[in-house]
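First listed ligand is number 1; within each ligand, the first listed atom is number 1. One is the number of the first residue; the rest follow in order along the sequence.
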Amino acid sequence: MNTDAPIPARLITIPLSHFCEKARWALDRINFPYHEEPHAPLFHRLATQRKDPGTVPVMLAGRNRLVDSTEILMHADDALGGGLLYPREAAHRCEVAALEEWFDTELGPHTRRWAYQHLLPQRQLLRELWSRDAPRIEARLLAVIAPLAVRLVASGYRISPASAQRSLGRIQEVFRQVDDKLRDGRRFLAAERFTAADLTFAALAAPVLLPTQCRAVQPALETVPPAMRGEILRFRDTEAGRFALRMFAEERSPRPSDLH
Ligand SMILES: N[C@@H](CCC(=O)N[C@@H](CS)C(=O)NCC(=O)O)C(=O)O
């Protein structure tokens, strides 16, 4: 037995979460050894610690406890020698980090709020999405606690028709600015090659695009309410939307089980 084999990190996730897809994609991309521990919402709190921020992804890697997706990407990149997700050159690295921060704070929370506004009333669909890939016991208990989870999600993310409408405007503005960046024909946002900036934009835009290659749990386009479907088709038909879909198609390697 090879006793030097690295112990895989533990990645605690909610399968529906696009921030978790950001971390998962990064780890898959650079072959960082990890094992995913998916949980239904609320149960993720039992898998994390009181002193954590309460969100996932959380990654436990050796003695390191990373409680934010950006920390996870930076740690994994560093651990494998650097230069994989973030350019080594300082100016480029700063640009990638700034774009990642912008998408984390401006895109991710608004795509989530917009998607939940459409999905919260679809109780059956929502429960199916929250249960998928979760431990069986949690999926069963969701039948009982789903109404509480819906209330907590609605209040925690301050979801209402008016706030979702404002979020839609904020997403459209990010897409417009990304459209502008891409206008000069560049293939990637901040460097000659794929970086954490491209990955973060695509992963956090996933709720408004539903890319086929996305490994977060997501609804099928045909199953979402017509107003949501119409908006998704409009986002897919923008430069930024096409860019994110291309990132998924070209830069998200297939899962091993899809290769057979
Ligand atoms: N800044 C955090 C945000 C992560 C985040 O918001 N995660 C959401 C899921 S998309 C979460 O865990 N929500 C559950 C909760 O707040 O209880 C990161 O980048 O990791």
Side-chain angles (χ1 to χ4, degrees), residues 9-27 32 34 36-61 64-77 85-86 96-120 126 129-134 138 141-142 145-159 163-164 167 170-171 174 196-210 214-219:
R10 293 170 54 203
L11 182 70
I12 301 168
T13 65
I14 292 174
L16 185 64
S17 156
H18 56 344
F19 279 102
C20 292
E21 170 64 359
K22 175 188 162 190
R24 187 189 295 113
W25 184 350
L27 300 177
F32 187 89
Y34 76 101
E36 183 167 345
E37 295 181 14
H39 289 281
L42 297 191
F43 294 98
H44 71 286
R45 297 279 176 134
L46 304 176
T48 54
Q49 291 186 355
R50 240 165 212 274
K51 61 177 163 51
D52 293 343
T55 55
V56 285
V58 166
M59 185 167 86
L60 312 175
N64 299 290
R65 184 170 192 89
L66 296 318
V67 296
D68 175 85
S69 62
T70 299
E71 281 182 13
I72 294 173
L73 266 63
M74 290 190 165
H75 172 87
D77 190 64
L85 298 165
Y86 299 92
V96 168
L99 283 168
E100 180 177 17
E101 170 71 11
W102 178 44
F103 299 139
D104 279 350
T105 52
E106 190 59 26
L107 183 64
H110 292 290
T111 54
R112 176 175 56 207
R113 180 189 280 153
W114 175 83
Y116 265 133
Q117 160 69 16
H118 287 287
L119 294 176
L120 283 183
L126 188 66
L129 295 170
W130 277 345
S131 312
R132 215 186 295 163
D133 294 349
E138 294 179 14
L141 288 170
L142 252 189
I145 64 155
L148 171 67
V150 166
R151 277 204 301 281
L152 291 177
V153 164
S155 63
Y157 297 142
R158 297 196 299 278
I159 296 170
S163 70
S167 286
R170 304 276 282 265
I171 304 163
V174 174
D198 308 298
L199 185 155
T200 303
F201 176 69
L204 300 186
V208 302
L209 297 168
L210 302 184
C214 180
R215 284 183 213 162
V217 161
Q218 49 182 19

### Task
Could you walk me through whether Lys22 and Asp104 pass the side chain to side chain contact (heavy atoms under 4.5 Å, CB included) test, one step at a time?
CA-CA 10 Å; Lys22 175 188 162 190; Asp104 279 350; 3.1 Å; yes
### Under 3.5 Å donor-acceptor, Glu138 side chain and Ala40 backbone
yes
Go through ligand 1 atom by atom and flag the ones less than 4.0 Å from a non-hydrogen atom of [X].
X	result
Arg45	15 (C), 16 (O), 17 (O)
Ser17	9 (C), 10 (S)
Pro57	20 (O)
Arg112	5 (C), 6 (O), 7 (N), 8 (C), 9 (C), 10 (S)

### Summary
From the list Glu37, Glu36, His44, side chain to side chain donor-acceptor pair (under 3.5 Å) partner of Thr13 resolves to Glu36
### Task
Kindly state whether the ring of His110 and the ring of Trp114 have centres lying under 6.0 angstrom apart.
no
Kindly confirm or rule out an N or O of [X] lying under 3.5 angstrom from an N or O of ligand 1.
X	result
Thr55	no
His18	no
Phe19	no
Tyr157	yes

Roughly how far apart are [X] [atom1] and [Y] [atom2], rounded to 0.5 Å?
X	Y	atom1	atom2	answer
Leu73	Thr200	CG	OG1	6.0 Å
His18	Leu107	NE2	CG	7.0 Å
Leu142	Leu129	CG	CG	11.0 Å

### Summary
In Leu60, Leu27, Leu66, the residue satisfying side-chain contact (heavy atoms from CB on, under 4.5 Å) with Leu11 is Leu27
## Note on the structure
the protein heavy atom lying closest to atom 14 (C) of ligand 1 turns out to be His44 NE2, 3.4 Å
### Query
atom 7 (N) of ligand 1: which protein heavy atom is closest, and how many Å away?
Val56 O, 2.8 Å
So is [X] touching ligand 1 or not, going by heavy atoms under 4.0 Å?
X	result
Gly54	yes
Asp104	no
Glu71	no

Solution key, residues 149-159 side-chain donor-acceptor pairs under 3.5 Å, sequence neighbours excluded:
from: Ser155; atom 1: OG; to: Arg151; atom 2: O; distance (Å): 3.1
from: Ser155; atom 1: OG; to: Leu152; atom 2: O; distance (Å): 3.4

### Query
Which heavy atom of Gly54 sits nearest a heavy atom of Arg45, and at what distance?
O-NE, 3.3 Å
### Query
Counting only heavy atoms, which portion of Tyr116 has something under 4.0 Å from ligand 1: side chain, backbone, both, or neither?
neither
### Message
As a check for students: among Asp68, Ile14, Val58, identify the option with a heavy atom nearest to atom 1 (N) of ligand 1.
### Response
Asp68
